[in-house]
Amino acid sequence: MSRIGRMPIAVPAGVTVDIDGRNVSVKGPKGELSLTVAAPIEVALEDGQVLVTRPDDERASRSLHGLTRTLISNNIIGVTEGYSKGLEVVGTGYRVQAKGSSIEFALGYSHPITVDPPAGISFEVEGNTKLTVRGISKQAVGEVAANIRKLRKPEPYKGKGVRYAGEVVRRKAGKSGK
C-alpha cells in the first residue's frame with residue numbers, strides 16, 4: 001500500500017474542496033485550481049479530510065495512487081500559501097529589470113529579452129540580479145522558472161547565466177597556460 005497515497009489530506013479553514021465525479025476543484029483565498037483524477041483512483045471528502053483510495057493493487061493503480069494524493073495536496077497548499085521559485089542572474093553585464101508586469105533581461109545577447117507572465121503568475125525583481133516567480137500552481141511556477149533559466153543556462157567555466165536560487169553549478173578547470 002502506498003504510504004503517501006493512504007495519508008488523508010487535511011482541508012484548512014477557508015478552503016473548499018468540490019468533488020464532481022472525476023473533477024476535483026479547490027477554492028481558497030488565493031484562487032481556484034482544478035484537477036481531473038485518472039480512471040481507477042477514487043477521491044472522497046469525509047470529516048474535513050480528502051481521502052484518496054485505489055480499487056486494486058495493479059501496477060497502474062499503485063503508481064497513480066500517491067501521485068493523485070500529492071497533486072490534490074499541492075492544489076490545497078497553492079490556494080492557501082502559493083508557490084515561489086527564486087532565480088539569480090550571474091555574470092558581468094547580465095541583469096533583470098521589471099517593465100510593468102513583465103520583465104526584461106540583458107543576458108549578453110545583442111538584444112534585450114522580454115518575458116511576459118502567463119495567467120496566474122507574477123514576477124518580483126529584487127536588485128538587478130534576483131528574480132522570484134510566484135503563483136498558485138506548483139506546475140506553472142516551475143515551468144515558467146525553467147523557461148526563464150533556459151534563456152541562458154549557467155555555463156561550467158565561469159558560471160555565467162540564469163540559475164535557480166541556491167543552485168550549485170559544477171565548474172570546469174578550463175585551459176591551463178604554459
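Counting begins at 1 with the first residue of the sequence.
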Does the side-chain hydrogen bond (donor to acceptor under 3.5 Å, both in side chains) test come out yes or no for Ser25 and Glu32, once each step is laid out?
-> CA-CA 7 Å; Ser25 61; Glu32 180 179 356; 4.6 Å; no

Mind checking whether Val17 and Ile72 have side chains closer than 4.5 Å, heavy atoms only?
-> no

From His111 atom NE2 to Glu104 atom CD, the distance as rounded to the nearest 0.5 Å = 10.5 Å

Does Arg149 use its side chain to pair, donor to acceptor, with the backbone of Tyr164 at less than 3.5 Å?
-> no

Between Leu35 and Val11, is there a shared hydrophobic cluster once you connect ILVMFWY residues whose side-chain heavy atoms come closer than 4.5 Å?
-> yes

Heavy atoms of Met7 and Arg3 approach each other most closely as CG-O, 3.3 Å

Between Arg152 and Leu107, is there a donor-acceptor pair closer than 3.5 Å when you use the side chain of the first and the backbone of the second?
-> yes

Chi angles and distances behind the side-chain contact (heavy atoms from CB on, under 4.5 Å) call for Thr53, Ile41 = CA-CA 6 Å; Thr53 56; Ile41 305 299; over 6 Å; no

Residue pair Arg95, Val89: steps toward the side-chain contact (heavy atoms from CB on, under 4.5 Å) verdict | CA-CA 6 Å; Arg95 68 180 188 282; Val89 180; 5.7 Å; no

Which atom names give the shortest non-hydrogen contact between Arg171 and Gly159, and what distance separates them?
-> NE-N, 3.7 Å

Check whether any side-chain N or O of Arg62 sits under 3.5 Å from a backbone N or O of Asp57 as a donor-acceptor pair, and report yes or no.
-> yes

Got a donor-acceptor contact below 3.5 angstrom from the His65 side chain to the Val52 backbone?
-> yes

Do the non-hydrogen side-chain atoms of Ile103 and Thr114 ever get within less than 4.5 Å of each other?
-> no

Donor-acceptor pair, side chain of Gln139 and main chain of Gly142, under 3.5 angstrom | no

Distance in Å, Ser102 OG paired with Lys99 NZ, rounded so as to fall on 0.5 Å steps | 8.5 Å

Heavy-atom side-chain contact between Ile9 and Gln49 under 4.5 Å | no

Closest heavy-atom pair and its distance - Val115, Phe105 = CG2-CE1, 3.9 Å

Do the non-hydrogen side-chain atoms of Lys27 and Val15 ever get within less than 4.5 Å of each other?
-> no

Val133 versus Tyr83: any side-chain heavy-atom pair under 4.5 Å?
-> no

Please examine the side chains of Val96 and Asn128, heavy atoms only from C-beta on, and report whether any two atoms are closer than 4.5 Å.
-> no

Ser73 side-chain N/O to Arg69 backbone N/O, donor-acceptor pair under 3.5 Å = no

So Glu124 and Arg134, salt bridge (Lys or Arg N to Asp or Glu O under 4.0 Å) or not? Walk me through it.
-> CA-CA 8 Å; Glu124 288 179 19; Arg134 295 191 187 281; 2.7 Å; yes

ILVMFWY network linking Leu71 to Val141, side-chain heavy atoms under 4.5 angstrom | no

Please answer whether the main-chain N or O of Leu64 pairs with a side-chain N or O of Thr68 as donor and acceptor at a distance below 3.5 Å.
-> yes

Would you say the side chain of Lys160 lies within less than 4.5 Å of the side chain of Val90, judging by non-hydrogen atoms?
-> no

Nearest non-hydrogen partners of Leu51 and Pro8, listed with the distance = CD2-CB, 3.5 Å

Would you indicate whether Asp56, at its atom CG, is surrounded by more than 12 heavy atoms from other residues, nucleotides or ligands within a distance under 6.0 Å?
-> yes

Transitively linked via ILVMFWY side-chain contacts under 4.5 Å: Val162 with Tyr109?
-> yes

If only atom types and distance count, is the side chain of Arg22 paired as donor or acceptor with the main-chain N or O of Ala39 below 3.5 Å?
-> yes

Close side-chain approach of Ser101 and Ser122, heavy atoms under 4.5 Å | no

Between the CG atom in Asn75 and the OG atom in Ser137, the distance rounded to the nearest 0.5 Å is 7.0 Å

Gap between atom CZ of Phe123 and atom OG1 of Thr132 - 0.5 Å precision = 11.0 Å

Where Gly166 and Glu88 come nearest, the two heavy atoms and their spacing | N-OE2, 4.0 Å

Any chain of hydrophobic side-chain contacts (each under 4.5 Å) joining Ile77 to Leu45?
-> no

Tyr157 backbone acceptor or donor facing Glu155 side chain under 3.5 Å | yes

Shortest non-hydrogen contact from Gly66 to Ile4?
-> O-CG2, 4.1 Å

Apply salt bridge (Lys or Arg N to Asp or Glu O under 4.0 Å) to Glu81 and Lys30, showing your working.
-> CA-CA 8 Å; Glu81 303 164 24; Lys30 290 196 178 249; over 6 Å; no

Determine, step by step, whether Leu33 and Ile136 satisfy the side-chain contact (heavy atoms from CB on, under 4.5 Å) criterion, reporting the C-alpha distance in whole Å, the side-chain angles of both residues, the deciding distance to 0.1 Å, and the verdict.
-> CA-CA 8 Å; Leu33 291 170; Ile136 61 172; 3.9 Å; yes

Group every Ile, Leu, Val, Met, Phe, Trp and Tyr by side-chain heavy-atom contacts under 4.5 Å, then state whether Tyr94 and Ile148 land in the same group.
-> yes

